[in-house]
Amino acid sequence: MNTLDDLYRTFDTYAAHAPDSTGLVEQARAGAARRRIRRRWQGWLAGAAVLALAGSAPLAVAALRPDRELPRTPAQLSLSLDAPFAAAEHSGTGGTESLLTANVLVQAGPLTLPDLRTGRTLRVAGHDARATSNALGWPLPSGGWVTVSNGDEATRVLVAEHLHTGPPRDVPVPWRAGWLPTGAQVSGTRLTEGVLVRYALASRVAEGWLDSPLAIEAVPLSSSQWSTDKRVQYEPAQPVNGRPALRLKASRRVPGGNDGLAIETPTCAIAITFAHGATDYAALRRIAASLTVADCTDRSTWSPAR
């Protein structure tokens with residue numbers, strides 16, 4: 001469940017099950033119109049306040065941004081969306097965060113679309129943004145940018161008007177590991193139908209999102225994702241502490257390179273994988289045996305990733 005194919009599967013799943021995009025856009029436009037009216041009144045009131053104070057003391061007026069950027073760890077996410085938009089996939093590392101909604105990609109981090117710096121000015125959610133023919137964005141206090149790309153411009157603007165940055169929020173997971181390899185540290189997370197956490201190890205530091213040497217992912221046992229992965233990627237293995245277990249098929253394993261083990265609980269399928277020879281199958285079984293697992297269908301039972 002931890003390959004580049006996951007991204008394509010997310011797009012396919014979202015396309016098949018997403019709500020009617022026309023309805024989403026119409027709802028978003030109605031909400032945006034209400035917010036524009038509210039901001040207009042706020043602007044008039046602010047202007048009146050400036051005039052009232054002008055005679056008594058100098059007043060410095062600064063443009064206020066809606067982005068309250070705070071430091072974020074790899075086990076946290078900062079972006080959020082107002083209804084009717086929702087993220088089909090939401091992922092983050094220490095430096096970059098991205099989410100997918102309504103076939104629009106939102107990213108926060110280093111600017112990957114340099115043409116935006118010289119793009120035309122566009123007013124979005126009460127502040128100035130830069131826009132090109134296929135993206136819009138604005139700078140963050142850290143020097144990074146929020147960018148909104150893909151889809152048509154009207155939809156990009158609506159998504160941007162429903163977007164918030166910060167404060168950081170811990171990513172919850174339905175497991176607690178009693179043992180992990182030495183030096184294991186969260187290097188990134190991804191939320192879809194379930195949740196995936198990638199780890200860097202003392203023996204090997206990840207060089208990128210797909211390069212993390214160890215990953216743990218949980219999805220609902222009844223999910224179509226697990227039904228497919230179980231059939232395509234795994235074969236039966238010895239149970240772990242009485243829980244049904246499956247190992248990555250031999251055709252998908254690389255001796256001394258990568259391997260995977262999955263266990264099933266009444267509500268969860270949890271897959272543990274490693275790459276680049278970071279550890280071994282015995283370590284995967286040790287991790288699996290140490291897991292305390294909550295209810296995958298009830299996120300109120302989850303706890304922060306660590």
(message) Between Val159 and Leu116, is there shared hydrophobic-cluster membership here, with clusters defined by ILVMFWY side-chain heavy atoms closer than 4.5 Å?
(response) no
Practice item. Measure the shortest side-chain to side-chain distance between His127 and Trp138 over non-hydrogen atoms and say whether it is less than 4.5 angstrom. Key: yes
(Q) Strictly distance-based, threshold 3.5 Å: is any side-chain N or O of Arg198 a donor or acceptor partner for the main-chain N or O of Leu214? (A) no
Interatomic distance, CH2@Trp226 vs SG@Cys268, rounded to 0.5 Å, equals 11.5 Å
### Message
Using side chain to side chain contact (heavy atoms under 4.5 Å, CB included), reason through Leu99 and Thr101 one step at a time and then give a plain yes or no.
### Response
CA-CA 7 Å; Leu99 63 80; Thr101 182; 4.0 Å; yes
| query | Are the side chains of Leu113 and Trp145 in touch, meaning some heavy atoms are under 4.5 Å apart? | reply | no
Q) Under 4.0 Å between a Lys/Arg side-chain N and an Asp/Glu carboxylate O for Glu235 and Lys230? A) no
Rounding to 0.5 Å, atoms CH2 (Trp179) and CD1 (Ile287) come to a distance of 5.5 Å
Keeping Asp295 on the side-chain end and Pro174 on the backbone end, is there a donor-acceptor pair under 3.5 Å? no
Using side-chain heavy atoms (C-beta onward) and a distance below 4.5 Å, is Pro304 in contact with Pro172?
no
Residues Gln238 and Ala245: closest non-hydrogen pair is O-CB, 3.2 Å
Check your understanding: Would you say Leu191 and Leu105 are hydrophobically clustered, going by side-chain heavy atoms of ILVMFWY under 4.5 Å?
Key -> no
Tightest non-hydrogen contact, residues Cys296 and Val219, listed as SG-O, 3.8 Å
Correct closest heavy-atom pair for Tyr281 and Phe274 would be N-CE2, 4.0 Å
Q: Side-chain contact test, heavy atoms from C-beta onward, threshold under 4.5 Å: evaluate it for Leu180 versus Ile216 and give yes or no.
A: yes
Residue pairs passing the salt bridge (charged side-chain N to carboxylate O under 4.0 Å, His left out) test with at least one member in residues 102-111, sequence neighbours excluded, are none
Output for pair (Ser223 OG, Asp229 CG), nearest 0.5 Å, gives 8.0 Å
Taken to the nearest 0.5 Å, the spacing of Leu111 CG from Leu140 CG works out to 10.5 Å
What one should report as the nearest heavy-atom pair of Pro168 and Gln76 is CB-OE1, 3.5 Å
When every non-hydrogen atom of Leu201 is compared with those of Pro181, the smallest separation belongs to CD2-CB, 4.1 Å
Q.
Please determine whether side chain to side chain contact (heavy atoms under 4.5 Å, CB included) holds for the pair Leu291 and Arg243, giving the CA-CA distance in whole Å, both sets of side-chain angles, and the decisive distance to 0.1 Å.
A. CA-CA 11 Å; Leu291 293 180; Arg243 291 168 171 159; 4.2 Å; yes
With sequence neighbours left out, the residues meeting side-chain hydrogen bond (donor to acceptor under 3.5 Å, both in side chains) with Ser303 are Arg176
Evaluate the side-chain proximity of Leu79 to His164: yes if any heavy-atom separation is below 4.5 Å, no if none is. no
To the nearest 0.5 Å, atom CG of Asp128 lies from atom CG of Leu122 at 8.5 Å
Quiz item: Considering only heavy atoms from C-beta outward, does the side chain of Leu221 approach that of Glu264 to under 4.5 Å?
Solution: yes
From CA spacing to verdict: salt bridge (Lys or Arg N to Asp or Glu O under 4.0 Å), Arg72, Glu97: CA-CA 10 Å; Arg72 180 181 62 79; Glu97 185 175 350; 3.4 Å; yes
Separation between CG (Asn150) and CZ (Arg156), nearest 0.5 Å, reads 8.0 Å
Across all chains, not counting sequence neighbours, the side chain to side chain contact (heavy atoms under 4.5 Å, CB included) partners of Ala288 are Val240, Leu261, Ile263, Ile272
In short, His162 meets Ala83 closest at the heavy-atom pair CD2-O, 3.4 Å
Next item on the list: Start with the C-alpha distance between Val106 and Leu163, add both sets of side-chain angles, then the distance that settles side chain to side chain contact (heavy atoms under 4.5 Å, CB included), and finish with yes or no.
Entry: CA-CA 9 Å; Val106 179; Leu163 180 69; 3.7 Å; yes
Practice item. Would you please test Thr189 and Leu77 for side chain to side chain contact (heavy atoms under 4.5 Å, CB included) and show each step? Key: CA-CA 8 Å; Thr189 61; Leu77 295 171; 4.0 Å; yes
Do Arg247 and Tyr234 meet the cation-pi criteria used here (NZ or CZ under 6.0 Å from the six-membered ring centre, within 45° of the axis)? no
When you compare the side chains of Asp298 and Thr301, does any donor N or O come within less than 3.5 Å of an acceptor on the partner? no
| task | State, with a plain yes or no, whether a side-chain heavy atom of Ser80 is found less than 4.5 Å away from one of Arg169. | result | yes
(message) For Ser91 and Ser98, which I'm curious about, is there any donor-acceptor pair between the side chains at under 3.5 Å?
(response) yes
- Are Glu161 and Val124 side-chain neighbours, meaning at least one heavy-atom pair lies under 4.5 Å? yes
